[in-house]
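Before any comments, here is the structure.
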Amino acid sequence: MGLQKRRPCGAVADVNELEYISALHQTGKDELREDGSIQACDIVAFLMSRHGIKVAEEEVEEKIICTFGQQCTGVNRMQHGNHSGTSTTQSNIDRQLVTSTRGCLDLIQILALLLIPLLLKATQTLDQAQQESNTNRRELGTCLHSQKGDSRWPDADIVENVLRMMLHDATGDATLRPLTKELLRQILCFYGEAEASNNEQLLEAMLLAATSQASTDIEGEPILLNQHSFAHGLTHDVQHYNIEFENSVTTNFQDVFLGEEEALKKGNSVTTVRTFSSIDYTADTFRSKSFVVLLWVVWILTYFSYLHSENILLTLSKLQCDQMNFGCVLAQGILDWLIIMVRLSVLGSIFIITASSGNVSNANPFLTVVGICAILLFNVLPFFFEVSAGVVTTEKSTEGIRPVLYYLTVICGFILLIDPVMNTIQRLLPKSSLLVFVKKHMDNTRLEAEVKRAASFKLNRLVRNAYDVHKVAEQDGGIAQGLETRYGIAMLAFAKVSDQKEELDGFKQTWSRIWSRALFNDEGIWLTTHVLSGNLAQVIVCVLLAALFPTVYSSELFQQGLDYLDKLVPGNSQRWRLVLPLFFGLVCGELTIISIISKYIPSSVNTVIQFRSGGFESLKGSSFLKLRYALDNSSLLFGSIFWGKYLRQLNW
């Protein structure tokens with residue numbers, strides 16, 4: 001249906017996505033660092049925005065940057081050159097001098113951190129294989145998977161293949177050999193880490209890490225640098241990471257800071273502040289997305305049921321206008337819309353803020369009660385009691401579709417009450433109760449758990465795509481002829497596949513992947529609340545305007561028009577001249593809205609995937625800085641979607 005486009009794929013798309021991640025996390029207002037580095041100020045802003053964690057830049061530099069990133073001494077440091085594969089003519093590693101006064105994480109270090117779970121899985125697979133009988137081990141070169149294996153579990157032979165590539169490039173021979181300081185020094189020197197290669201303390205630590213769980217058949221024989229010692233060396237200092245986190249229905253915050261009893265883990269105390277996450281529609285940091293979507297629907301229904309009718313504000317704003325006085329009529333129209341804006345802004349803010357006050361993780365019980373009271377006051381009680389308080393009136397009308405609106409509003413209000421009531425009850429129940437389990441799968445915890453699984457899937461795909469590039473290099477025969485190192489020939493192979501593209505999912509494919517949840521579990525797509533709310537608002541407009549047709553048709557003014565047409569040609573009714581255009585306009589308007597509604601989410605998904613894969617420029621694009629500026633403007637989407645479709649239908 002016109003949605004399909006082409007996008008980069010394979011290793012090129014993976015590199016572009018890493019750059020996209022960096023571009024989103026950088027907090028620079030005027031420019032982006034094209035090297036993709038992440039600084040302490042970026043991490044501080046992310047922790048506050050996403051988790052409400054208050055931490056100083058100095059603490060981030062000490063505990064994160066200086067541990068995993070570049071040196072924090074402010075001296076000149078050497079950094080790898082173009083690791084993304086954009087250079088295709090250099091056979092060795094480029095080096096460039098970089099002057100830095102503050103620490104940072106570059107893209108290679110960010111990727112190394114992201115690969116920790118995958119390396120732990122690969123190590124676990126190797127350990128399982130080592131415990132089996134030699135007769136049951138598979139031949140080298142086959143693709144081994146763990147018993148848990150699926151698309152999220154790495155190939156067991158990936159560690160040995162990478163090791164042999166490194167040995168081939170550093171020593172000229174891929175044969176496995178004893179692990180010694182000299183061998184480590186030779187490898188480090190080849191990859192440009194001259195300073196590290198002369199650090200005896202570092203070399204001793206690397207040897208210890210790689211050999212801590214290794215053994216030999218003959219006493220005194222040196223440990224062999226094979227896939228087992230290499231894997232243990234890579235994962236020796238990250239053993240506390242639990243790879244089962246990706247399969248648990250928990251948030252990242254819970255994985256890091258909270259234990260089984262939802263209490264802070266020992267040594268993981270952290271200072272958190274309230275950031276009004278219940279109304280943070282930019283980062284979606286509230287507890288339940290479905291609650292917010294329904295909340296906005298209820299607000300629309302409440303407005304048209306009880307706030308859109310005649311009240312004291314409209315009475316006071318009426319001007320004594322002659323219908324022939326264009327200026328006065330124009331002023332009256334402007335004044336009427338200003339009154340609508342005031343009612344929507346003031347009353348809407350009061351309702352949305354108070355009703356959603358308890359929609360945060362570990363909310364204060366008092367805030368949950370405030371939310372329940374707001375829903376009762378605005379949505380439920382007006383149905384049962386009729387009052388007129390100037391600005392607000394709950395007096396009922398039987399005209400048109402008003403009775404339907406009243407019933408629909410109170411029904412949605414009761415549905416909206418389910419979430420805060422369940423949240424209150426679950427506090428009184430044990431953690432293992434069925435209600436707590438169901439509630440966890442209804443809120444954003446499940447959605448964030450899907451993002452964790454998607455991260456595992458995509459990182460495993462990234463490694464396989466990178467390995468495919470090396471396979472292309474081997475097929476070209478450059479390595480066999482001894483013309484290039486594996487690194488160099490892979491860079492040339494990367495250039496050959498850099499123009500490869502694939503079709504984006506079309507309309508049907510996107511909705512199919514949404515229905516199967518593959519889009520969330522594999523791609524990690526997060527449909528933001530304002531997109532879902534706006535799309536649902538379009539559905540409401542479509543239904544309300546369709547229901548409005550019988551009201552318009554039966555109105556006195558419309559019937560007078562039909563009677564007038566009947567009198568124009570006696571004995572030959574001409575009312576079709578009015579009824580047919582109205583009906584045709586309604587049908588066309590409804591079909592247009594339905595088409596837009598059905599394409600809005602697939603279009604949004606494809607746009608995100610284009611940015612991730614590099615179909616649209618991000619880190620190195622001149623316009624991306626403007627696109628990501630003032631993210632709070634996304635909150636305007638709901639109003640523009642609703643009123644845009646409303647007026648579009650009326651124009652038909």
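Computation of the quantities below employed the complete heavy-atom set of this structure, encompassing side-chain atoms and omitting hydrogens, waters and symmetry-equivalent molecules.
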Determine all donor-acceptor pairs shorter than 3.5 Å in which one atom belongs to a side chain in residues 196-203; sequence neighbours excluded.
| residue | atom | partner | partner atom | Å |
| --- | --- | --- | --- | --- |
| Ser197 | OG | Ala194 | O | 2.6 |
| Asn198 | ND2 | Ala194 | O | 3.2 |
| Asn199 | OD1 | Gln201 | N | 3.2 |
| Asn199 | OD1 | Leu202 | N | 3.1 |
| Glu200 | OE1 | Lys181 | NZ | 3.2 |
| Glu200 | OE2 | Arg185 | NH2 | 2.7 |

Taking side chain to side chain donor-acceptor pair (under 3.5 Å) as the definition, give me every residue that meets it alongside [X], ordered by chain and number, with sequence neighbours left out.
{"X": "Ser356", "answer": "none"}
{"X": "Ser49", "answer": "none"}
{"X": "Glu448", "answer": "Asn252"}

Without swapping roles, check the side chain of [X] against the backbone of [Y] for a donor-acceptor pair under 3.5 Å.
{"X": "Asp155", "Y": "Ile158", "answer": "no"}
{"X": "Glu19", "Y": "Val15", "answer": "no"}
{"X": "Thr235", "Y": "Val238", "answer": "no"}
{"X": "Gln128", "Y": "Thr125", "answer": "no"}
{"X": "Thr171", "Y": "His168", "answer": "no"}

Can you see whether [X] engages [Y] through a side-chain donor-acceptor pair at a distance of less than 3.5 angstrom?
{"X": "Ser456", "Y": "Glu246", "value": "yes"}
{"X": "Asp35", "Y": "Ser37", "value": "yes"}
{"X": "Ser22", "Y": "Gln26", "value": "yes"}
{"X": "Arg453", "Y": "Asn247", "value": "yes"}
{"X": "Trp526", "Y": "Asp284", "value": "yes"}

With the side chain counted from C-beta on, respond yes when [X] and [Y] share a heavy-atom pair under 4.5 Å apart, and no when they do not.
{"X": "Ile243", "Y": "Trp153", "answer": "yes"}
{"X": "Leu114", "Y": "Leu462", "answer": "no"}
{"X": "His470", "Y": "Phe494", "answer": "no"}
{"X": "Gln500", "Y": "Val12", "answer": "no"}
{"X": "Leu18", "Y": "Asp14", "answer": "no"}
{"X": "Leu225", "Y": "Leu183", "answer": "yes"}
{"X": "Phe624", "Y": "Glu617", "answer": "no"}
{"X": "Leu234", "Y": "Thr123", "answer": "no"}

Criterion side-chain contact (heavy atoms from CB on, under 4.5 Å) against Lys289, the qualifying member of Asn359, Leu532, Thr528: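 Of Asn359, Leu532, Thr528, side-chain contact (heavy atoms from CB on, under 4.5 Å) with Lys289 is met by Leu532 alone.
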
Side-chain ion pair, Lys452 and Asp255, N-O less than 4.0 Å: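 Yes, charged N to carboxylate O under 4.0 Å.
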
Ionic contact status for Arg33 with Asp42, cut-off 4.0 Å: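 Looking at Arg33 together with Asp42, the answer is yes, because their closest N to O distance falls below 4.0 Å.
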
Between CD1 on residue Ile108 and CG on residue Leu113, distance to nearest 0.5 Å: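 Here the interatomic distance stands at 11.5 Å.
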
Listed partners of Phe457 passing side chain to side chain contact (heavy atoms under 4.5 Å, CB included), at least two apart: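 Listed in chain order: Ser151, Arg152, Arg461, Asp522.
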
Residue list, side chain to side chain contact (heavy atoms under 4.5 Å, CB included) with Lys63, at least two apart or on another chain: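 Per chain and number, Lys63 pairs via side chain to side chain contact (heavy atoms under 4.5 Å, CB included) with Glu59.
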
